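This report concerns only the one structure given below.
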Amino acid sequence: MHATPAPIVSIEDLSRYVGQVVTLRGWLYNKTGKGKLAFLQVRDGTGICQCVVFRPSVGDEMFAIADKLPQESSLTVTGAVKADARAPGVPGGYELDVQSLQVIQRAEDYPIGPKEHGTEFLMDHRHLWIRSSRQWAVLRVRATVMRAIRAWLDDHGFIEVSTPILTPSAAEGTTNLFEVDYFGDKAYLAQTGQLYNEANIFAFNRVYCFGPTFRAEKSKTRRHLTEFWMVEPEIAFCDLEQLLEIEEQFVSHIVQTCLRENADELRVLGRDVSRLQGIAPPFPRMTYDDAVATLQDIHTRLKAGETVEAHGGVPLQGIEDPDLLKIEWGMDFGSPHETALTQLYDKPVFVVGFPSAVKAFYMEPYPGRPEVCKSADLLAPEGYGEIIGGSERISSGELLEQRIQEHGLPMSAYKWYVELRKYGSVPHSGFGLGVERTVAWICGIEHVREASPFPRLLNRLYP
RNA sequence: UCCUCGAUAGCUCAAUGGUAGAGCAACCGGCUGUUAACCGGUAGGUUACAGGUUCGAGCCCUGUUCGAGGAGCCA
């Protein structure tokens, strides 16, 4: 009679198999040992489990194999699941009392050790770095964010309608677009799906597009990628006030879903989840006018050598040079301005009503105050910057044509877009949320490059 | 494009202008509860590249390349 083979299980499910003999398939993440004991940390993609190899239990030969196995070797390991508070791992608390193990491939000279490494080295080895527990955790959170985005929109009457990535020349400056050859013509990688979204709402009402967007900007900061993912909902019969309510519900749902489903990942990242638990509607709203006045006040006080208190009474952080906060009405915010403003609140903050001159041509002006438009940026807390840009769109065909002319844009390229206002125009609004910045904020990581599996940056196209 | 900083062992970093070193990783040995284990040992170098100053340069000077952080840019 043959013994029943041990079931192959995932590390995330180990708690259901305490006392049973199971098989894990995975890779050796790290190991340590003490004489006749070898502690193998095995990861299988769903978690990390400590597998304890005891020489008298497995015999000298198998023990020697386990004891000499290099990091990232692939293996299957069979043993009894034991609950033990000492067991490290993700989720941890359970370990395997090894009865046998089989090496699938010995990995020689794995370059990423359990020590510190520099950014360039890690980015050159991004294809391997994603195996490390912190990167693994971030990308698991990213997957949750993307799932939460779709789930909330799908549950609130939106349908996903894809917009093109290859687009004709449309905007005035093509310097920030990636140009591609399109059978002898020039085409550009999309930096937004919004204009197409506006066509789609007249067919489907609430829509969203969700995919990669491309910006050929020579930005070298912790907040910029040249390829990033953006979700852009667009809503018919919706004004700016209604839009902000949708945005705060949407963002809160994303954050709360991550807290609920990624507690282990956020623990691996050492994230202070108390900074996220209170993320719920309503978010504070601040007009652009007030924001400028606030920034001018902060600038004056910092120049006078005063300490400016941020939320929670702690001093304002990260302002190297107070003069970077200089601003006058009419100027767009730079990142130092956003950094200062967001520290005043413990939630994301809306800045509403930017000058029309610094925003896109299609934003609806305020009645009686045409120099200001119905636009709102949502700035994430803790200095993570703008995660949403949104606005109510111009619904009048005449005004839209006027704006296109004022911006020196080619009317022919926008013929179809203006035509949308001819056949049943309605008030409508929409916004775009950047996935990587949102993930970086939720995870509490320094740089958006870690929020993308294979990030593309100014000087980074490999691997 | 601009500003600041950096490049030394596979990795992370030290080294008054005077013999290039440590920790980790690798390899050998020891240990029955390790958590980035610990202890002992071995091996590991065109100091990014090119030129210059000097009796002598990892160190000082000039240029180049690459990288990091920030600014600008980011309808």
Side-chain angles (χ1 to χ4, degrees), chain A residues 29-41 48 50-57 63 67-68 70-72 82 84-90 92-93 95 97 107-125 129 132-133 170-177 190-192 194-195 213-226 228 230 318-321 323-324 331-339 354 356-363 373 375 377 385-386 389 391 393 403-404 406-409 414 432 434 437 446-447 449 457-460:
Chain A
Y29 186 58
N30 201 358
K31 86 175 182 288
T32 178
K34 185 153 184 174
K36 294 172 183 158
L37 279 168
F39 300 94
L40 309 183
Q41 296 204 25
I48 299 175
Q50 174 162 280
C51 301
V52 183
V53 188
F54 186 42
R55 184 153 66 185
S57 306
F63 183 82
D67 195 41
K68 299 296 176 196
Q71 192 188 358
E72 287 303 319
K82 236 172 66 179
D84 191 321
R86 293 172 298 183
V90 182
E95 64 183 23
D97 192 5
E108 304 286 352
D109 298 325
Y110 185 71
I112 303 177
K115 264 280 202 173
E116 296 167 23
H117 297 285
T119 301
E120 187 183 10
F121 177 82
L122 290 169
M123 290 298 289
D124 281 342
H125 296 85
W129 189 22
S132 300
S133 57
E172 52 183 321
T174 51
T175 51
N176 54 354
L177 296 176
Q191 55 177 343
T192 173
Q194 188 211 309
L195 303 190
T213 54
F214 306 88
R215 305 273 168 100
E217 291 149 13
K218 304 211 167 172
S219 300
K220 245 184 93 176
T221 81
R222 68 185 69 186
R223 293 176 301 277
H224 288 87
L225 298 169
T226 55
F228 64 96
M230 185 159 69
I319 307 298
E320 307 278 320
D321 177 4
D323 278 339
L324 290 173
M331 289 166 57
D332 202 359
F333 293 162
S335 42
H337 305 111
E338 293 179 354
T339 302
F354 283 85
S356 303
V358 301
K359 286 292 181 184
F361 70 90
Y362 50 70
M363 294 187 181
C373 62
S375 59
D377 285 355
E386 180 188 343
S391 69
R393 324 303 193 188
R403 282 291 150 83
I404 290 170
E406 285 169 6
H407 280 76
L409 300 173
Y414 291 96
R437 285 188 184 178
E446 278 294 306
H447 201 299
R449 65 181 161 226
L457 299 129
L458 181 56
N459 295 318
R460 172 65 60 181

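Side-chain atoms are counted along with the backbone in the values below, which use heavy atoms only and exclude waters and symmetry mates. Here is the naming used below: chain letters follow the sequence lines, and residue numbers restart at 1 for every chain. As the structure is a prediction and not an experimental result, all values here were calculated from the model.
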Can you tell me which nucleotide in B:rC11, B:rU34, B:rG70 comes closest to the side chain of A:T221?
B:rG70
In whole Å, measure the gap between the P atoms of B:rG29 and B:rC66 for me.
46 Å
Would you give the length of the straight line joining atom CG of A:D109 to atom CD of A:Q71, rounded to the nearest 0.5 angstrom?
11.0 Å
Regarding the side chain of A:T119, the nearest nucleotide among B:rA68, B:rC28, B:rG33 is B:rA68
Let me know the distance between CG of A:L458 and C1' of B:rC2, rounded to the nearest Å.
14 Å
Given B:rU34, B:rU32, B:rA71, which nucleotide is nearest the side-chain atoms of A:R223?
B:rA71
What contact category does A:K359 fall into here, base, sugar-phosphate, or nothing, at under 4.0 angstrom with non-hydrogen atoms?
sugar-phosphate
Side chain of A:H224 only, heavy atoms from C-beta on: which candidate in B:rC74, B:rG70, B:rG72 is closest?
B:rC74
Check every strand shown and say whether A:R55 touches a base, only sugar-phosphate, or nothing at a heavy-atom separation below 4.0 Å.
nothing
Would you indicate which nucleotide in B:rC11, B:rA75, B:rG72 comes nearest to any side-chain atom of A:A360?
B:rA75
So, does the side chain of A:E446 form a donor-acceptor pair with the base of B:rG69 at under 3.5 Å?
no
Starting at CZ of A:F54 and ending at P of B:rC31, how long is that distance when rounded to a whole Å?
13 Å
Side chain of A:R449 (C-beta onward), nearest among B:rG33, B:rG69, B:rG67
B:rG69
For B:rU42, the Watson-Crick or wobble counterpart (both distances under 3.5 Å):
B:rA26
Pairing check on B:rU32: which nucleotide meets the Watson-Crick or G-U wobble criteria with it, both distances under 3.5 Å?
none
Name the nucleic acid region contacted by A:D332, choosing base, sugar-phosphate or nothing; use a 4.0 angstrom heavy-atom cut-off, strictly under.
nothing
Checking all strands, does A:G118 fall into the base, sugar-phosphate, or nothing category for heavy-atom contacts under 4.0 angstrom?
sugar-phosphate
Tell me: CD of A:E72 to C1' of B:rA25, nearest whole Å?
14 Å
For B:rA22 and B:rA15, measure between their P atoms and round to the nearest Å.
15 Å
May I ask you to say what A:P70 touches in the nucleic acid, namely base, sugar-phosphate or nothing, with a heavy-atom cut-off under 4.0 Å?
nothing
Has the side chain of A:K82 got a donor or acceptor that lies under 3.5 Å from a partner of the other kind on the base of B:rG33?
yes
Without decimals, in angstroms, what is the distance between A:L457 CG and B:rC73 P?
20 Å
Tell me: OH of A:Y414 to P of B:rA75, nearest whole Å?
12 Å
Looking only at side-chain atoms of A:Q50, point me to the closest of B:rG33, B:rA71, B:rG72.
B:rG33
Roughly how many Å is it from CG in A:D109 to P in B:rA9, rounded to a whole number?
17 Å
Under a 3.5 Å limit on both distances, the Watson-Crick or wobble mate of B:rU47 is none
Across the strands shown, which category fits A:R460 at heavy-atom distances under 4.0 angstrom: base, sugar-phosphate, nothing?
nothing
Taking all heavy atoms of A:K220 and all of A:N459, pick out the closest pair and write down the distance.
CD-ND2, 4.4 Å
Out of B:rG33, B:rA75, B:rU34, which nucleotide sits closest to the side chain of A:Y362?
B:rA75
Partner residues of A:H224 under the side chain to side chain donor-acceptor pair (under 3.5 Å) criterion, sequence neighbours left out:
A:T221
Looking across every strand, which nucleic acid part, if any, lies under 4.0 Å from A:P111 by heavy atom: base, sugar-phosphate, or nothing?
nothing
Quick one: is A:K34 getting a side-chain N or O under 4.0 Å of the B:rG33 phosphate, OP1 or OP2?
yes
In whole angstrom, what separates A:D67's CG from B:rC28's C1'?
13 Å
Does B:rG17 have a Watson-Crick or wobble partner in any strand here, with both distances under 3.5 angstrom, and which is it?
none
Check every strand shown and say whether A:R215 touches a base, only sugar-phosphate, or nothing at a heavy-atom separation below 4.0 Å.
sugar-phosphate
Can you tell me the base-pairing partner of B:rC60? Count Watson-Crick or G-U wobble geometry only, both distances below 3.5 Å, and say none if there is no partner.
B:rG52
Per nearest nucleotide of RNA chain B, the residue lying toward the 5' end, A:G113 or A:V52, is A:G113
Sorted by position of nearest nucleotide on RNA chain B, 5' first, the leading residue of A:T192 and A:H447 is A:H447
Base, sugar-phosphate, or nothing: which does A:F39 touch, judged by heavy atoms less than 4.0 Å apart?
base
Could you please name the partner base of B:rA7, counting Watson-Crick and G-U wobble pairs only when both distances are under 3.5 Å?
B:rU65
Can you confirm if the NZ or CZ of A:R403 lies within 45° of the ring axis of A:F361 and under 6.0 Å from the centre of its six-membered ring?
no
Roughly, in whole Å, what's the span from CG in A:L40 to P in B:rG33?
16 Å
Side-chain donor/acceptor contact of A:S219 with base of B:rC73 under 3.5 Å
yes
Taking only side-chain nitrogens and oxygens of A:S335, does any of them come within less than 4.0 Å of OP1 or OP2 of B:rA71?
yes
